[in-house]
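See below for the structure under consideration.
Chain letters run A, B, ... following the sequence lines, proteins first, then strands; residues in each count from 1. Small disclaimer: the values here were computed from a predicted structure and weren't measured.
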Protein chains: 2
Amino acid sequence: MSNGSLEVMQNVSANLRLARQQQGYSQERLAELAGISRRMLVNIEAGESNASIATVDKLASALGMSFAEVVRPPPLADKELGLPLRIWQGVQDDSHGSLLESVLKPGMTLELWRWQLAAGDSYHAEADALGCHEVLYMLDGQLELLLPQQQQRHVLQAGQSLTFALDQVYSYHNPGLVVCAFTKSILMYPHA
Amino acid sequence: MSNGSLEVMQNVSANLRLARQQQGYSQERLAELAGISRRMLVNIEAGESNASIATVDKLASALGMSFAEVVRPPPLADKELGLPLRIWQGVQDDSHGSLLESVLKPGMTLELWRWQLAAGDSYHAEADALGCHEVLYMLDGQLELLLPQQQQRHVLQAGQSLTFALDQVYSYHNPGLVVCAFTKSILMYPHA
DNA sequence: GGGATAAGTGCAATATAATGCACTTGTTAT
DNA sequence: ATAACAAGTGCATTATATTGCACTTATCCC
């Protein structure tokens, strides 16, 4: 039994207590379901126990939650997310007729961009971090996407979308005769 | 010491070992930095230890990782994400001149929708789960967003975006004389 | 070969997580 | 008031996480 100074412990205790009460269990009932002693559950909910992974996992299962849900900090308010609480006017980066516009403030869990590529224009990107994914959604025109490491080539038309992992090299090309437009969502660590 | 059957333990051992090697630490060095014994680290990396929250947290800190990063399962492939690996043609749900199109397969970590609301049209939604957030991005026309619980009203123009939490009632309204179009991203549990 | 570093094993000692029980407190219902 | 249930406390006991040390194995370098 250690003091409850660890942030993770505080998350665990708060999440467990909230979930237990929402599901209408008493401490005794939940302890029974999880196969641990009520004394232990009291300590954990009080944030006074440095529980083991297995014990926390038993409680998560008994409540129908994943381990990650029990451990994670409580949901954040909009402003703490780094996402615009108020209206956000996109930042534009214009270069030779093409347009790269950040719809959201970059660098957070979700990025959202609006791109326009001039006819015949191309863009090449290096591999990024494992666990990041990109979602393309075509608004106008057409776009050719090359994934050389997968030996794939896709041509997207307006209204179509495509997702791929960002831990690989990729490049865009506008094969059409008119400008194309698409949104580009980047999702970091999309896990349950 | 228990058998390493617990999925969480396997994630911990794999993530720790990978991070340690990437940062060029020996087991001895990392144990020293984290303030635990090398014997314990050996057990954890072997998946043979039911470690306590505090011990895992010490290791995470020593490696400059968050607790969640150490505990989470390895990144998933595209298809496991439920996101379309190949091109996905949106599903349309047309009703009285307005258009609701799911750009991605719904129900996953990230949903992406394209909406069109006819002039004067409205849409009302009840409160959803805590921890979900919505990102609106205006493509054309204008949209009025009402958040009665926050006593807020926003009017969005093309090119603007706005984020709000989905654990509250909200409604859309197209106040203009022409159809408006926007994308709507729904993000579940956006945490580090 | 010999020496050095990194990783894995076995085992006894120690610290502490986890249990079980008795008890108090507060609330709700009859 | 009494009964009944849920939650919190103190403490001795038990189980086990964590430590420390000695030892093996493998690899790399001189």
Side-chain angles (χ1 to χ4, degrees), chain A residues 1-65 67-68 70-71 74, chain B residues 1-65 67-68 70-71 74:
Chain A
M1 183 141 50
S2 63
N3 65 3
S5 59
L6 208 57
E7 185 196 328
V8 191
M9 288 190 211
Q10 296 173 6
N11 298 337
V12 169
S13 77
N15 291 332
L16 283 180
R17 167 161 273 155
L18 180 63
R20 176 177 67 80
Q21 290 174 341
Q22 284 181 342
Q23 298 186 29
Y25 291 139
S26 66
Q27 288 181 340
E28 181 151 19
R29 178 74 182 129
L30 176 58
E32 185 187 6
L33 286 173
I36 69 170
S37 66
R38 187 178 74 93
R39 193 65 183 85
M40 193 65 223
L41 181 53
V42 170
N43 280 339
I44 292 177
E45 285 196 357
E48 289 168 350
S49 175
N50 173 26
S52 70
I53 302 282
T55 302
V56 174
D57 194 72
K58 284 183 199 169
L59 286 166
S61 301
L63 289 166
M65 305 168 74
F67 187 88
V70 173
V71 156
Chain B
M1 180 139 52
S2 64
N3 65 3
S5 59
L6 208 56
E7 184 196 329
V8 192
M9 287 191 210
Q10 296 174 5
N11 298 337
V12 169
S13 76
N15 291 331
L16 283 181
R17 167 161 271 157
L18 180 63
R20 175 177 67 81
Q21 290 174 342
Q22 283 181 342
Q23 298 185 30
Y25 291 138
S26 67
Q27 288 180 341
E28 181 150 19
R29 179 72 183 129
L30 175 57
E32 184 188 5
L33 286 173
I36 69 171
S37 66
R38 186 177 76 94
R39 193 63 182 83
M40 193 66 225
L41 180 54
V42 170
N43 280 340
I44 292 177
E45 285 195 357
E48 290 168 349
S49 175
N50 172 25
S52 68
I53 302 282
T55 302
V56 174
D57 194 72
K58 284 183 199 168
L59 286 166
S61 301
L63 288 166
M65 305 170 75
F67 187 88
V70 173
V71 157

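Rounding to whole angstrom units, CG of residue A:Leu41 and P of C:dA18 are separated by 12 Å. Rounded to a whole Å, the CD1 atom of A:Ile44 is 17 Å from the C1' atom of D:dT9. Following rounding to the nearest Å, B:Met40 (CE) and C:dG8 (P) show an atom-to-atom distance of 14 Å. Regarding A:Leu59, its CG atom lies at a distance of 12 Å from the C1' atom of C:dA18, rounded to whole Å. Rounded to an integer number of Å, the gap from CD of A:Gln27 to P of C:dT19 is 14 Å. As a whole-Å value, the separation of A:Gln21 CD from D:dA7 C1' is 10 Å. For the pair B:Asn43 CG and C:dC11 C1', the computed distance is 12 Å after rounding to whole Å. If you take CD of A:Glu48 and P of C:dT19, they are 16 Å apart, rounded to a whole angstrom.
Judged by distance alone, the side chain of A:Arg20 and the main-chain N or O of A:Tyr25 form a donor-acceptor pair under 3.5 Å. A:Asn15 places a side-chain N or O within 3.5 Å of a backbone atom of A:Asn11 that can act as its donor or acceptor partner. One N or O on the side chain of A:Gln23 and one on the backbone of A:Leu63 form a donor-acceptor pair closer than 3.5 Å.
The minimum heavy-atom distance between A:Ala60 and A:Val70, with the atom names listed, is CB-CG2, 3.5 Å. Between A:Ile44 and A:Ser13, the shortest heavy-atom distance links the atoms O-CB, 3.0 Å. Here the closest non-hydrogen pair linking A:Met9 and A:Gly47 is SD-O, 4.4 Å.
Between A:Arg39 and D:dT13 there is no side-chain polar atom (N or O) within less than 4.0 angstrom of OP1 or OP2. Close to C:dG8, at under 4.0 Å from its OP1 or OP2, lies a side-chain N or O of B:Arg17.
Between B:Ala51 and A:Ser26, the one whose closest nucleotide on DNA chain D sits nearer the 5' end is A:Ser26. Where B:Arg38 and B:Ile53 each meet DNA chain D at their nearest nucleotide, the meeting point lying more 5' is that of B:Ile53.
Across all strands, B:Ala46 comes closer than 4.0 Å to no nucleic acid atom at all (heavy-atom distances).
Atom CD of B:Gln21 has more than 12 heavy atoms from other residues, nucleotides or ligands within 6.0 Å.
Comparing C:dA7, D:dG8, D:dT18 against the side chain of B:Ser52 picks out D:dT18 as the nearest. Set against C:dT19, C:dG8, D:dG8, the side chain of A:Glu45 has D:dG8 as its closest nucleotide.
Proximity of residues 29-37 of chain B to DNA chain C (heavy atom under 4.0 angstrom from any strand atom) is not detected for any residue.
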